[in-house]
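Encoded as structure tokens, the structure appears first; notes follow it.
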Amino acid sequence: ILTFDFLFIEPRHTLSAYDPSYGITFVILFVAAVISGELANKVKIQAVQAAQLAYRMRLLLETSQMMQKATSDTDVEKIMADQLVKLLNRDIVYYHVDHVQNIGRLMAPIVYEASGHFKEKEALTSPNEQAVALWVYKNRKRAGASTETLGDAKCLYLPVRSGDDVYGVVGMAAQQHHVESNEVNLALSILTEGSLALEKE
């Protein structure tokens with residue numbers, strides 16, 4: 001608008017206008033600029049969302065293919081954790097369930113780091129965090145951060161289960177950012193693939 005006024009409106013090369021009717025022109029130009037800017041911004045946001053969706057779908061497909069090639073439960077668990085780190089950009093804690101003599105128990109946690117902060121690693125495997133993971137294993141329900149159950153935990157914990165069988169517990173670090181529902185849904189998609197592969201093993 002200023003460029004139009006400066007170059008084309010009498011007196012030229014000033015920001016003044018002799019004819020007051022140009023005020024309407026300036027208002028129309030301003031409204032058009034705002035509308036076109038908003039539309040361009042929406043297109044940009046949609047492009048970013050589409051790229052994120054394509055990336056997530058590619059990771060889910062890649063996860064499925066990798067699960068089919070896994071030859072042991074350790075391979076499956078590592079694939080699940082690595083893909084969750086890639087997908088969510090969060091530290092992941094994995095608890096393997098040891099079914100010795102049909103007595104299930106949680107093994108020591110393994111941390112798959114996205115941040116590389118070793119101080120956080122200790123916090124994610126504290127006795128309190130392990131107690132939340134144990135609750136999730138025994139009750140077969142999610143708990144921890146972002147839930148009403150044991151919400152003070154530093155991770156959101158989800159069981160890796162198929163039917164009534166629980167093969168492990170996954171914790172997603174939530175200290176930095178609240179875990180969104182779409183992140184939980186993506187994680188559940190990977191855990192479902194993993195539980196089926198573990199059931200097969």
Side-chain angles (χ1 to χ4, degrees), residues 55-118 120-147 149-150 153-175 179-201:
Y55 174 70
R56 288 171 176 174
M57 292 302 294
R58 183 172 61 79
L59 270 182
L60 290 174
L61 179 61
E62 181 183 275
T63 302
S64 178
Q65 292 171 340
M66 291 169 73
M67 294 284 187
Q68 291 173 7
K69 295 177 182 177
T71 56
S72 68
D73 55 355
T74 305
D75 288 346
V76 173
E77 290 164 359
K78 188 172 187 318
I79 290 167
M80 274 193 296
D82 286 341
Q83 294 299 92
L84 285 171
V85 168
K86 272 193 212 175
L87 194 60
L88 306 177
N89 195 29
R90 295 177 183 273
D91 292 341
I92 298 296
V93 186
Y94 190 86
Y95 292 83
H96 172 72
V97 175
D98 186 19
H99 293 283
V100 177
Q101 297 178 348
N102 294 323
I103 301 174
R105 58 180 181 138
L106 285 185
M107 303 301 289
I110 302 171
V111 179
Y112 295 83
E113 295 179 71
S115 61
H117 297 151
F118 291 99
E120 289 183 9
K121 184 176 181 180
E122 293 174 6
L124 298 180
T125 57
S126 68
N128 287 340
E129 295 297 307
Q130 294 188 39
V132 179
L134 184 60
W135 187 94
V136 170
Y137 167 61
K138 288 181 176 178
N139 293 276
R140 301 178 175 86
K141 295 177 183 175
R142 72 181 70 174
S146 306
T147 71
T149 307
L150 305 169
K154 296 187 182 299
C155 293
L156 169 63
Y157 292 92
L158 303 171
V160 182
R161 57 176 289 196
S162 178
D164 290 332
D165 296 322
V166 178
Y167 300 103
V169 175
V170 167
M172 300 185 293
Q175 311 101 300
V179 181
E180 303 291 339
S181 58
N182 65 325
E183 291 182 302
V184 175
N185 291 335
L186 286 166
L188 289 173
S189 298
I190 289 179
L191 297 186
T192 299
E193 289 278 350
S195 64
L196 292 172
L198 289 169
E199 185 178 38
K200 181 177 135 190
E201 290 298 323

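Only this structure's heavy atoms are used, side chains among them; waters, hydrogens and symmetry mates stay out.
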Going from [atom1] on [X] to [atom2] on [Y], what distance comes out if it is rounded to the nearest 0.5 angstrom?
| X | Y | atom1 | atom2 | answer |
| --- | --- | --- | --- | --- |
| N185 | E180 | CG | CD | 11.0 Å |
| M107 | D98 | CE | CG | 5.0 Å |
| I190 | L87 | CD1 | CG | 5.0 Å |

[X] to [Y] - nearest heavy-atom pair and separation:
| X | Y | result |
| --- | --- | --- |
| G171 | Y157 | CA-CD2, 3.6 Å |
| L156 | A145 | CD1-O, 3.2 Å |
| Y167 | S195 | CE1-O, 3.9 Å |
| A70 | D75 | CB-CB, 3.9 Å |
| Y94 | G168 | OH-CA, 3.7 Å |
| G194 | M80 | CA-SD, 3.6 Å |

For a side-chain contact (heavy atoms from CB on, under 4.5 Å) with [X], tell me which candidate from [options] qualifies.
| X | options | result |
| --- | --- | --- |
| C155 | M172, R90, E129 | E129 |
| L106 | V136, L134, V166 | L134 |
| L186 | L84, L191, L59, L60 | L60 |

Donor-acceptor pair, side chain of S126 and main chain of E122, under 3.5 angstrom: no

Closer than 3.5 angstrom, by distance alone: can the side chain of R161 be matched with the main-chain N or O of R140 as a donor-acceptor pair? yes

Flag the pair [X] / [Y] as yes when at least one side-chain heavy-atom distance between them is below 4.5 Å, and no otherwise.
| X | Y | value |
| --- | --- | --- |
| Y137 | V97 | yes |
| Q65 | M67 | no |
| D82 | K86 | no |
| K200 | V76 | no |
| Y95 | Q130 | yes |
| K78 | I110 | no |
| E193 | I79 | no |
| Q68 | S64 | yes |

Quiz question: by atom type and distance under 3.5 Å, do the side chains of S162 and E199 form a donor-acceptor pair? yes

Residues R142, V184; criterion side-chain contact (heavy atoms from CB on, under 4.5 Å); working and verdict: CA-CA 10 Å; R142 72 181 70 174; V184 175; 3.5 Å; yes

